[in-house]
Amino acid sequence: MATPQVTVAINGNSVSNVQTMTLTKGRVKVSDNLRPGTATVTGRRPDLLPATEIGDSVDITLSASGGIASRTFSYRVADLTIDYGIVSSMDTWTLELEDAFAYLGRAVVTRSWTAGTAASTVATNICSDVGITLAVNTTSLSTVSAQTVTNESALDVFQTLVNTEAALVQAGSTNISWFSRGWQSSIVYYVFADDGSGDKYDTVTFGSLADNYADKVVVTPRGGTEVATGTGIFSYNLDSYSFDTGQATQLGLYTKGVFDVQTSTPQTMSVLFNLDTTLPVYELDALGVGAGITLVFRTGTYKSLVEGFTITSDTTATRITYNLSSTAFYAFLTLNDAVLGRLNYNKLGF
């Protein structure tokens with residue numbers, strides 16, 4: 001069985017004697033808030049580690065067998081632990097890593113902005129205040145109300161801005177990518193199948209979560225009046241910096257449209273990465289929050305989006321588990337799209 005390769009570099013310096021690696025990115029459920037990405041790397045011979053300090057840059061690269069393709073994930077050092085054995089050959093080390101969302105979570109910000117400012121502009125400034133670069137791929141369509149935040153959690157402020165725009169965001173070590181609402185129009189789908197028509201997977205889990213369903217959405221603009229959309233006992237609450245009541249109402253309608261899926265859909269899919277030795281390597285291509293997966297299972301085909309993922313690896317095997325949500329959660333009308341551009345099948349966005 002072919003074994004993929006995991007390489008680790010600290011500040012660009014290669015790390016030898018890596019034994020295990022586990023990393024996470026993204027979230028589990030549609031209803032989750034942003035979660036810091038983390039990674040744990042263990043190895044032998046700490047005397048051979050490059051000089052390492054808290055905050056140093058760490059790149060973890062996962063390569064397919066034969067080096068036909070690779071994907072790199074960037075983190076920063078949160079902790080380094082060394083366990084000493086009876087003799088030096090028994091010494092081991094553990095690196096705990098985190099991404100830019102964790103840095104937002106550790107920081108507090110004080111900042112003011114005026115009414116009518118684009119949500120992505122405020123988000124850019126908040127990130128800059130804590131030493132993080134925000135790459136805005138599409139300009140925000142939502143504007144914010146006038147606010148002054150004083151010694152507030154940078155992650156909480158950033159999360160509220162993401163809520164306001166219904167944006168898609170992804171984090172690296174010192175950078176975050178921002179995709180404004182309408183990001184669904186750029187989804188690329190990768191095929192995983194049990195009939196040979198796509199890359200292989202070995203486990204899949206279906207389910208329907210109450211956490212992912214709501215018949216009532218309450219949007220609370222900070223400094224404004226809350227707006228309720230829909231009625232019922234399954235309620236979802238959302239904070240925002242919406243410019244006015246009308247924008248808050250539209251956000252509530254949009255969010256209620258997201259949380260109206262009651263059917264059983266794919267929740268997780270897992271692949272043993274050792275098995276793929278040919279191009280294209282969809283396992284690597286699909287390693288991104290917001291990536292699309294076309295899952296062929298028995299007699300059905302299911303369109304899903306990647307909410308997050310976990311990679312575990314040791315010296316013998318590497319496994320990737322994708323946290324999925326059905327495109328039915330995000331099926332807002334997109335012109336000229338084979339999946340999201342069908343009359344009577346799609347929801348209207350805002």
Would you check if the side chain of Thr164 reaches a backbone N or O of Tyr241 as a donor-acceptor pair within less than 3.5 Å?
-> yes
According to a 4.5 Å side-chain heavy-atom criterion applied to Ile, Leu, Val, Met, Phe, Trp and Tyr, with indirect links allowed, do Val306 and Val188 form part of one hydrophobic cluster?
-> yes
Hey, any chance Leu251 and Val144 share a hydrophobic cluster, counting ILVMFWY side chains that come within less than 4.5 Å of each other, even indirectly?
-> no
Do side-chain atoms of Arg181 reach the backbone of Ala166 as a donor and acceptor pair under 3.5 angstrom?
-> no
State, to 0.1 Å, how close Asp202 and Ser270 come at their nearest heavy-atom pair, and which atoms those are.
-> OD1-O, 2.8 Å
Are Leu49 and Tyr75 connected, step by step, through hydrophobic side chains (Ile, Leu, Val, Met, Phe, Trp, Tyr) whose heavy atoms are closer than 4.5 Å?
-> yes
Test item: Asp239 side-chain N/O and Thr160 main-chain N/O as donor-acceptor pair under 3.5 Å | no
Flag for Thr110-Thr150: side-chain donor and acceptor within less than 3.5 Å | no
Is it true that a side-chain atom of Glu307 and a backbone atom of Asn323 form a donor plus acceptor pair closer than 3.5 Å?
-> no
What is the distance from atom CG of Asn237 to atom OG of Ser31, rounded to the nearest 0.5 Å?
-> 12.0 Å
Heavy-atom distance under 4.5 Å between the side chains of Ser140 and Thr121, does that happen here?
-> no
Yes or no on side-chain hydrogen bond (donor to acceptor under 3.5 Å, both in side chains) for Thr205 and Thr268, after CA distance, side-chain angles and deciding distance?
-> CA-CA 5 Å; Thr205 302; Thr268 63; 3.2 Å; yes
Determine, step by step, whether Arg35 and Val28 satisfy the side chain to side chain contact (heavy atoms under 4.5 Å, CB included) criterion, reporting the C-alpha distance in whole Å, the side-chain angles of both residues, the deciding distance to 0.1 Å, and the verdict.
-> CA-CA 9 Å; Arg35 294 185 174 186; Val28 176; 3.3 Å; yes
Mind checking whether Leu104 and Gln159 have side chains closer than 4.5 Å, heavy atoms only?
-> no
So how far is it from Phe273 CZ to Arg319 CZ, rounded to the nearest 0.5 Å?
-> 13.0 Å
Return yes if a side-chain donor-acceptor contact under 3.5 Å exists between Ser57 and Ser173, otherwise no.
-> no
Distance-only side-chain donor-acceptor flag, Thr20 / Asp314, under 3.5 Å | no
Just by distance, do the side chain of Ser180 and the backbone of Thr138 share a donor-acceptor pair under 3.5 Å?
-> yes
To the nearest 0.5 angstrom, please state how far the OG1 atom of Thr92 sits from the OH atom of Tyr84.
-> 10.0 Å
Is there side-chain contact between Leu295 and Tyr322, with heavy atoms separated by less than 4.5 Å?
-> no
Would you say Val217 and Val227 are hydrophobically clustered, going by side-chain heavy atoms of ILVMFWY under 4.5 Å?
-> no
Please determine if Arg76 forms a cation-pi arrangement with Tyr103, meaning its NZ or CZ atom is less than 6.0 Å from the six-membered ring centre and no more than 45° off the ring axis.
-> yes
May I ask you to test the Glu283-Tyr201 pair for a side-chain heavy-atom distance under 4.5 Å?
-> no
Kindly give the heavy-atom pair with the smallest separation between Asn17 and Arg45, and that separation in Å.
-> ND2-CB, 3.7 Å
What is the minimum heavy-atom distance between Val157 and Glu152, and which atoms define it?
-> CG2-OE1, 3.9 Å
Is it the case that more than 12 heavy atoms not belonging to Ile86 sit under 6.0 Å from its CD1 atom?
-> no
Treat each ILVMFWY residue as a node, draw an edge where side-chain heavy atoms are under 4.5 Å apart, and state whether Leu134 and Phe179 are in one component.
-> no
Taking all non-hydrogen atoms of both residues into account, name the closest pair between Val77 and Leu97 and its distance.
-> CA-CD2, 3.8 Å
Steps toward side chain to side chain contact (heavy atoms under 4.5 Å, CB included) verdict (Asn137, Ser177) = CA-CA 7 Å; Asn137 289 273; Ser177 296; 3.8 Å; yes
Check for a donor-acceptor pair, side chain of Asp194 on one end and backbone N or O of Arg298 on the other, with a separation under 3.5 Å.
-> yes
Rounded to the nearest 0.5 angstrom, the CD-CD1 distance for Glu96 and Ile54 is 10.5 Å
Tell me, do Asn11 and Pro50 make a side-chain contact under 4.5 Å, heavy atoms counted?
-> no
Drop me the distance from Leu23's CG to Thr310's OG1, to the nearest 0.5 angstrom.
-> 7.5 Å
Asp129 side-chain N/O to Val109 backbone N/O, donor-acceptor pair under 3.5 Å = no
Distance only, no hydrogens: is a donor on one side chain within 3.5 Å (strictly under) of an acceptor on the other, for Ser142 and Glu165?
-> yes
Hey, is the main chain of Thr315 close enough, under 3.5 Å, to the side chain of Gln19 for a donor-acceptor pair?
-> no
Test item: Val271 and Lys200 side chains (from C-beta on) under 4.5 Å apart, heavy atoms | no
Is there a side-chain contact between Ile320 and Leu62 (heavy atoms, below 4.5 Å)?
-> yes
Does one side chain, of Ser313 or Thr318, offer a donor that lies under 3.5 Å from an acceptor on the other?
-> yes
Could you go step by step and tell me if Thr40 and Thr22 meet the side-chain hydrogen bond (donor to acceptor under 3.5 Å, both in side chains) rule?
-> CA-CA 5 Å; Thr40 301; Thr22 300; over 6 Å; no
Begin with the C-alpha distance, continue with both residues' side-chain angles, and end with the deciding distance and a verdict on side chain to side chain contact (heavy atoms under 4.5 Å, CB included) for Trp178 and Val162.
-> CA-CA 9 Å; Trp178 171 291; Val162 170; 3.9 Å; yes
Inter-residue atom distance Ile187.CD1 - Ile293.CD1, 0.5 Å rounding = 11.5 Å
Taking the side chain as every heavy atom from C-beta outward, state whether Phe73 and Ile311 have any atom pair closer than 4.5 Å.
-> yes
Stepwise, does the side chain to side chain contact (heavy atoms under 4.5 Å, CB included) test hold for Val149 with Asp156?
-> CA-CA 11 Å; Val149 297; Asp156 179 66; over 6 Å; no
Backbone of Gly85 reached by a side-chain donor or acceptor of Asp91 within 3.5 Å = yes
Between Tyr302 and Phe297, how do the two ring planes meet: parallel, tilted or perpendicular, split at 30° and 60°?
-> tilted
Verify, without hydrogens or angle tests, whether Ser186 (side chain) and Trp183 (backbone) share a donor-acceptor contact under 3.5 angstrom.
-> yes
Val41 to Trp93 - nearest heavy-atom pair and separation | O-CZ3, 3.5 Å
Tightest non-hydrogen contact, residues Glu226 and Pro221, listed as CA-CD, 4.0 Å
Lys25 to Phe101 six-membered ring, cation-pi geometry met (6.0 Å, 45°) = no
